[in-house]
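Structure first, then comments.
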There are 2 protein chains.
Amino acid sequence: MDERKLRILRAIIDDYILTAVPVGSRTISRKYETSLSSATIRNEMSDLEELGYLDQPHVSAGRIPSAKAYRLYVDQLLASGAIRSDTEESIRHYFSSHLRQMERVIDEAAKALSSLTGYTAVVLEPGGHEPRIRNIQLVSVSSRSALVVIVTDAGLIRDHVVSVPRGVDPDTLYMISQALTEALMGCTPSEACDRIPILTARMEQNTDLLRSVGGLMTEARDKGSHGHIGIGGVSNMLSYPEYSDMEKARNFLSLVETRDRLAQIIRQRGDVAFTVRIGPETGVPEISDCSVVTATYTTSNGRQGTIGVIGPTRMQYSRVLSVLAGMGQQLSQLFDQQEDSNSTKGGGARE
Amino acid sequence: MDERKLRILRAIIDDYILTAVPVGSRTISRKYETSLSSATIRNEMSDLEELGYLDQPHVSAGRIPSAKAYRLYVDQLLASGAIRSDTEESIRHYFSSHLRQMERVIDEAAKALSSLTGYTAVVLEPGGHEPRIRNIQLVSVSSRSALVVIVTDAGLIRDHVVSVPRGVDPDTLYMISQALTEALMGCTPSEACDRIPILTARMEQNTDLLRSVGGLMTEARDKGSHGHIGIGGVSNMLSYPEYSDMEKARNFLSLVETRDRLAQIIRQRGDVAFTVRIGPETGVPEISDCSVVTATYTTSNGRQGTIGVIGPTRMQYSRVLSVLAGMGQQLSQLFDQQEDSNSTKGGGARE
DNA sequence: ATTAGCACTCAATCACTTCGAGTGCTAACA
DNA sequence: TGTTAGCACTCGAAGTGATTGAGTGCTAAT
């Protein structure tokens, strides 16, 4: 694999990313390799096709890069270490002064990502390991109902109203909460599911209440671990010619609609900074002509979240990567401030 | 306006709803009014066009119903009172056994609505009046941080972690919570925002903590009133020929992406059971060739939510209306059970 | 090794025709 | 007077070549 071949391949990819039109030998010879004639380029292209880096839609059209070509391109890009998160200011611009609610940060991040890249963006809430219960509270809502709040180290399991038997006052609720917290602290929801029946059996009163909590816990366990998902720029996809085919567009849309599957696709584990999956590498037939680029961000307590961009295979990888890098940093920072504001803000403002 | 004209107009609308193809005189004479010849139908159609009920895309095509025609059609439909919620069983089928988390109910409802109608569905959380605070709890998460949970009669204001000064144990947190609840019970968030600084000033300790709560309250106030929004079946729209135009499809999609605007469009106030807005009546240029049908559901404590369906103007109004009716009932029921489960379930399961 | 030249391919475009669904009008009819 | 049959007319959709031009592969010359 010649160095010149590489240059030509790179030129073809760049041009195709820009125009989405099969690129011919003449284009390359005029716009990129002015010292070579189109005939020479043709020969090289022929070789590149044989090597599997180029495809030809039909005999009298130009060439388009194959997934293998993009792979090479991206690997080179990653190896060169040329990904600077130079977009830091423009990213910061998207976060209004002081967002502190997790969900809003995530939504904003997705919006920013999609708007900066022009593709569809997905942001997942941090949550690496299985959540562990930290606190259970029954919060009185009215005389006859209460809200069960289960706090885990991954955040909060959502609201659920349960009915309260007659004669149980807020203080009793608090005591029950304390007992529950003590018994289940550190458990995962599924462990808690197993224990609650035992607890229920041991208690002679308030069994109804406990059963309700058990029900909620089961729901929490089955719900699937992903927290909030931020999605942005879905409509962007329709502006690319590869999605002028309605059938493809519908497939993509319905994939995005089933957030569970989307989360599964985006979620990235392990300690790599970036993942780039091109076309078939995604393993998802619906988006076999898309690429998925993901990156992670980390909070101070080690929980890991994923951000990702989905676009056509002829994606502006270098831009996407640098935006992802920048966004990852921003998010890590934001959540750091938020989660251990005791050490920084608390310390400073103390007294 | 002849009775026969009405029959013919109705036949045209029905056929066009089914096929999305301009319908000609011959079709009507063969499929609907077999006793009349196509020539007669032609005369009648000509009259109907002059009256503004029919449009003609070009001279040698059939006729298509105008917005005015749909209006007449729908008004008749509504007046006839023929909307039976006969789909009750099929709707119930969509709600898995015991969903009790508000957000999931709403999401499921949207999914069910879209799947039953084949259009795009939107479900808004109930929330008529401004929410009133019922309870404030500081839930310990770790030794140095706590979660602030603000419960209102409209549900829960989301999680927000605050730092806890050294030496404040869970019991102290509970006491502070009690004090806060007592002081702010029954307030709206904006009232609470005004009061918190006063409370803070009166306290000699834990001022940091209160300030954090104040910040969260401010965010809650500014957040905008709409709660969770359930959206389903967005991809359905792409399967209708009217959206084969990419530009239109993109417009629609980006409208759906900005949930705030969508909520604004769907939200329905007042005591009418149904609202049908056809084409330009929606007042939203992006969907000037769509219709929006909404209905309300009510919870036992009088809070009102909206469910809606967005589809092409040639929507299957009668089906949509009956599905909406059924879904409205189901939701009203579901939230009734949930909100005052004390009177029904609590009473039953007592002992 | 590179390049100029040439024959060849094939999608895209355009002009042209044909086809048929549909209309409007008129005249005949019950 | 309302209904119908018949006919001329319109116009989009679909089909048919012919033309164009971007692009290739191959060969022979540099």
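Naming: A, B, ... by sequence-line order, numbering from 1 per chain. Note that the structure is predicted; figures quoted are calculated from it, not measured.
In summary, the side chains of B:Y317 and B:S291 do present a donor paired with an acceptor at a separation below 3.5 Å, with no hydrogens or angles considered. A side-chain N or O of A:T275 and one of A:Q268 form a donor-acceptor pair less than 3.5 Å apart.
When heavy atoms are screened at a 4.0 angstrom cut-off, A:S38 is found touching no nucleic acid atom at all.
B:R10 has a carboxylate O that lies under 4.0 Å from a charged side-chain N of B:D14, or vice versa, which qualifies the two as a salt bridge. The pair B:R314-B:E242 meets the salt-bridge criterion, since a charged nitrogen lies less than 4.0 angstrom from a carboxylate oxygen.
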Original post:
For every nucleotide of nucleotides 2-14 of chain D, 5' to 3': is a protein heavy atom under 4.0 Å from its base (B), only from its sugar-phosphate (S), or from neither (-)?
Top reply: -SBBB---BBS--

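Under the 4.5 Å side-chain criterion, counting only non-hydrogen atoms from C-beta, B:T27 is in contact with B:D15.
Nucleotide C:dT9 holds its C1' atom 13 Å from the CZ atom of A:R63, rounded to whole Å. Atom NZ of A:K5 and atom C1' of C:dT2 are 13 Å apart (whole Å).
Proximity of A:R26 to the phosphate of D:dT24: no side-chain N or O atom is located under 4.0 Å from OP1 or OP2.
Within residues 45-57 of chain B, the residues approached by DNA chain C to less than 4.0 Å at the level of any non-hydrogen atom are B:M45, B:Q56, in residue-number order.
For the ring pair (Phe, Tyr, Trp, His ring centres under 6.0 Å) with B:Y119, the qualifying choice from B:Y240, B:Y243, B:F252 is B:Y240, the only one to do so.
When the shell of 6.0 Å around CZ of A:R7 is examined, it contains more than 12 heavy atoms from other residues, nucleotides or ligands.
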